[in-house]
Every structure is written in structure tokens, then in C-alpha cells.
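Notes follow the structure.
By convention in this document, chain letters (A, B, ...) are assigned in the order of the sequence lines, proteins followed by strands, and residues within each chain are numbered from 1. Remember, predicted model here, so these are calculated numbers, not experimental data.
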There are 2 protein chains.
Amino acid sequence: MSHSQLGESYALTSVDVALPPMERFEEYLQAKGKRITQPRRILVEHVFSKHEHFDADALIEELAQRDAGPKRVSRPTVYRTLNELVEAGLLRKMDIGGRAVYEHDYGYPDHDHLYCTQCGKLSEFHSEELIRLRDAVGREQGFRVTGHKFIVNGTCQECQRKTRRQKRKVDLI
Amino acid sequence: MSHSQLGESYALTSVDVALPPMERFEEYLQAKGKRITQPRRILVEHVFSKHEHFDADALIEELAQRDAGPKRVSRPTVYRTLNELVEAGLLRKMDIGGRAVYEHDYGYPDHDHLYCTQCGKLSEFHSEELIRLRDAVGREQGFRVTGHKFIVNGTCQECQRKTRRQKRKVDLI
DNA sequence: GGCTTGTTGAGACTCTTTCCCAACAAGCAA
DNA sequence: TTGCTTGTTGGGAAAGAGTCTCAACAAGCC
Ligand SMILES: [Zn+2]
Ligand SMILES: [Zn+2]
Ligand SMILES: [Zn+2]
Ligand SMILES: [Zn+2]
């Protein structure tokens, strides 16, 4: 009997981690012979101050507003550090409509996304059944699975309401 | 009892279509008040002459080699026509590593992909179970599902062999 | 404090895709 | 067929995302 038959829950369950993100990153930097610099600290603190999906541009923008002066982090450094954070396993990177979007990986539960094509909102869910299915396909094809990207496209509840309202208005005319 | 429990087959089953791709495209063009032009014909014939995953650049290259002279199709026209073919439902577009990849949609069975991160090869599979799962998640979250993108990352059989061979060599040293 | 070496920021550059526009050619009607 | 109207094409410029170059800078270490 599969989990989904029983009504698998798609809610996310939180994950406990031992170290704060910056300390975890410092471990990674040390292991790689890299340095713990001011820009890297600023960026990590900012990124992990809230759970969100964001892109490089938004981050550059936010950091610019936060510290306009000499403490600002440059565009190349933002891109470089984002890559390092992905490499270090602190961030997860995904492509949505040809644009790179990042989110927490370290300390945040595994999940996939529902993408509203009307408003661009991303919502999350987790499914063990999906993992099982993925691994079964890999096994059958002799493919060694290391991960996946799964994005469900459609219309979120809010946008559905909006659309219905629109439609009602039109019907009245 | 779920399909996957019984050992769902992930093979693709072919699809019969009434019209050749170009005629199907002509219907679309007509419906949109667009014209059936030489470049559009050349491009569609070429694209549907073989089943393959391809990107805009490869297509531009191939078309350039095929007709070097005045019959060549320009870069903007390739991009424009690819968009029209997606719009018309003849091609499907996906993003892999931040780059747009196209493949047949019209007359080709629905499927998802295994992506080998070593060699870049794409292999295909189909799973009804995945569709059911996707729709179940949507239902639970009040999300109207219109489609999805599912890419399984990993290492293909061939690259696994190569890696093992490498490893053996190293072990001998 | 001084030295070594990784890092940063400014700006140039790459790559993919789109835009602009004058020349061109489908489609249609005479 | 010819001529007209209007959508289409191709060259080149431009936009958007991300990377590279390199001189000035600052961690880390003595
Ligand atoms: Zn929405
Ligand atoms: Zn997420
Ligand atoms: Zn491979
Ligand atoms: Zn495919």
C-alpha cells in the first residue's frame, strides 16, 4: 500500500541544525582554504535573516539599500558568493522561466514547488512518494539518481478567485 | 493499490496524429492571420525531420549549413518561429541549466527526463503515477494544475561505466 | 607591524534572446 | 498577371543575466 493511497501529507516538516549558517559557511571556507571576509559575512547574514525565494538581482538590490556606502557588496561578489553557498550546501539553486532562483537548503526541509504562472508565487510541498517514484525510474533505467527538479505549473487559489471575479463581471455586461 | 506498486512501466507509447507537422502549423498560422512563408516552412521541415532535443543555437547552425545561400534563415527568425511553434503546440520548451531546450510535442508522447550531469544526455520516461501525484498535491492546496517540469539529475549508465573504469585505473597505481 | 596571497569592485565582456526598422514577399483582388 | 496591403525577414543594435580581468585591498599568519 503506497503512502499516497493513504492520503500522504504534503506539509513540510522542519529540520534542526547544529550550527548557524554563517558558522557552517566558515567551516566550508576553512576546508577550502578560503577567507572569511566582510562581504561574505554581510551576504550570508542577510540571506539567512528570512526564508524566501529570491534571485541574484533582488539580492544585489537589497544589499545596496541596506549599505549604500563603502560596505556595499558588488555584483560580481554577490554572484561569486551565491555560487559558493550553493557549493557549500547552504543554498539551493533552481531555474524558473530561464532565471536563477535561490532559497535556503541548509536547515530547511526538502521540498518541491507549485508555481503560479499568473502571479509568479511559489508555494511548497513535500512528497516521499515522489522520491520513491524518482528512484524507481532511475533503478529501471540504470541511472544513478542524485537529485531532481520538480515544478508544478498552474494557478494559485488567489489568482483563481481573481479570475472568477473578472469572469462574473464580464457575465453581467 | 498504486500502479507503481505493481511495477509501473516507464516506457513511452507512441501517439498517432492526423496531420503532418507543417500542415498542423499552417492551420495555426491561418487561424492567427499569419502567413505561410519560406523560412517557416524550411524550419519546420528541418525540425520535424528527426526526433531530438535541441537548442536554438544548434538549429541556427544546422540551418546555416543546410542552406548557406540566400535561402538561409536568420537568427531572429529562428527564435521567432520557435516561439510560434511552442505557442502552436508543436514544440515543447524546457530550461536545462539556464538554457532553452526544445523537442517535439505534437505527435510525440508526454514524458519527463533523466539528465546526466556528466555528459548532458537526456533520456526519457513516462509515469502516470507522477501525474496522479501532481494532481493530488494540486487538489490538496487548491491549486489548479496546468502542467509540470520534472527533471531527474544523476549519472547515466555509460558515464557510470566510465567512472568505474577510471576508478579501477587509479586503484592500480 | 609587515608579508603573502586570496578577495574585492569597476567595468569590460560573453552569451542568449529580443527589438528595431527598412527591404521584402504572401495573400488577395482586380 | 499585376498591383496593393500588410505581415515577415534579416542585419544590426540592444537588453538581461552572469562571468572575467586586473589593480587595489584586506585576511590570515609570522
Ligand atoms: Zn497566483
Ligand atoms: Zn522553496
Ligand atoms: Zn552520461
Ligand atoms: Zn524529451
Side-chain angles (χ1 to χ4, degrees), chain A residues 22-23 25-44 46 53-64 66-88 91 93-102 120, chain B residues 22-23 25-44 46 53-64 66-88 91 93-102 120:
Chain A
M22 189 56 214
E23 286 179 40
F25 190 36
E26 288 179 13
E27 277 186 353
Y28 165 85
L29 292 171
Q30 227 126 41
K32 291 272 182 180
K34 296 185 163 190
R35 291 174 184 173
I36 299 164
T37 65
Q38 209 49 30
R40 292 211 249 244
R41 247 194 294 263
I42 293 172
L43 195 146
V44 171
H46 180 85
H53 300 99
F54 64 94
D55 59 19
D57 221 45
L59 180 54
I60 291 167
E61 191 66 26
E62 287 173 24
L63 289 175
R66 194 182 174 122
D67 306 293
K71 293 207 307 181
R72 61 173 284 286
V73 182
S74 69
R75 196 155 45 97
T77 298
V78 168
Y79 278 105
R80 276 186 298 238
T81 309
L82 284 175
N83 287 337
E84 289 165 347
L85 287 170
V86 169
E87 167 84 29
L91 289 183
K93 179 182 183 177
M94 58 191 147
D95 280 296
I96 292 184
R99 137 187 254 83
V101 175
Y102 298 85
Chain B
M22 188 57 214
E23 287 180 39
F25 191 36
E26 289 180 14
E27 277 187 353
Y28 166 85
L29 292 172
Q30 227 127 40
K32 291 274 183 179
K34 297 185 163 190
R35 291 175 184 173
I36 300 164
T37 65
Q38 209 49 30
R40 292 211 251 243
R41 246 194 295 263
I42 292 171
L43 195 147
V44 171
H46 181 84
H53 301 100
F54 63 94
D55 60 19
D57 219 45
L59 180 54
I60 289 167
E61 191 66 27
E62 287 172 23
L63 288 175
R66 194 183 173 122
D67 307 293
K71 293 206 307 181
R72 62 174 281 286
V73 182
S74 71
R75 199 155 37 98
T77 298
V78 168
Y79 278 103
R80 278 187 296 240
T81 309
L82 284 174
N83 287 338
E84 289 165 348
L85 287 170
V86 169
E87 166 83 28
L91 290 182
K93 180 183 184 175
M94 57 191 148
D95 282 294
I96 293 184
R99 131 188 259 84
V101 174
Y102 298 85

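Out of D:dG11, C:dA10, D:dT8, the shortest distance to the side chain of B:K34 is found at D:dT8. Out of C:dT16, C:dG9, D:dT8, the shortest distance to the side chain of B:Y79 is found at C:dT16. Listed nucleotides D:dA13, D:dG11, C:dA10 differ in distance to B:R72; the shortest reach to its side chain belongs to D:dG11. Listed candidates were D:dT19, C:dT8, D:dT6. Nearest to the side chain of A:T77 is C:dT8. Side-chain proximity of A:T37 to the nucleotides D:dT19, C:dT7, D:dG18 is greatest for C:dT7.
Residues B:R72 and B:D67 come closest through the heavy atom pair CB-O, 3.2 Å. The shortest non-hydrogen separation linking A:Y102 to A:D55 is CD1-CA, 4.4 Å. Minimum heavy-atom separation, A:I36 to A:Q30: CD1-NE2, 4.3 Å. In plain terms, the two heavy atoms of A:P39 and A:T77 that are nearest each other are CB-CG2, 4.0 Å.
Two residues, A:T81 and B:I36, neighbour DNA chain C, and the one matched to the more 5' nucleotide by heavy-atom proximity is A:T81. Where B:Q30 and A:E84 meet DNA chain C, the nucleotide closest to each residue was compared, and A:E84 sits on the side nearer the 5' end. Mapped onto DNA chain D by nearest heavy atom, B:R75 and B:G33 fall at different nucleotides, with B:G33 at the one closer to the 5' end.
A straight line from NZ of B:K71 to P of D:dT8 spans 21 Å, rounded to a whole angstrom. Rounded to whole Å, atom C1' of D:dT6 lies 18 Å from atom NZ of B:K32. Rounding to whole angstrom units, CD1 of residue A:I60 and P of D:dG16 are separated by 14 Å. Distance, A:L59 CG to D:dG18 C1': 14 Å, rounded to whole Å.
B:N83 comes within 4.0 angstrom of the backbone, heavy atoms only, and of no base. Here B:P39 lies in heavy-atom contact (under 4.0 Å) with sugar-phosphate atoms only.
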A:E84 vs A:K32, salt bridge (charged side-chain N to carboxylate O under 4.0 Å, His left out): CA-CA, chis, key distance, verdict: CA-CA 11 Å; A:E84 289 165 347; A:K32 291 272 182 180; over 6 Å; no

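Judged by distance alone, with hydrogens and angles left aside, B:R80 brings no side-chain donor or acceptor close enough to the base of C:dT18 to form a pair under 3.5 Å. With hydrogens and angles left out, the side chain of A:R35 and the base of C:dT5 share a donor-acceptor pair within 3.5 Å.
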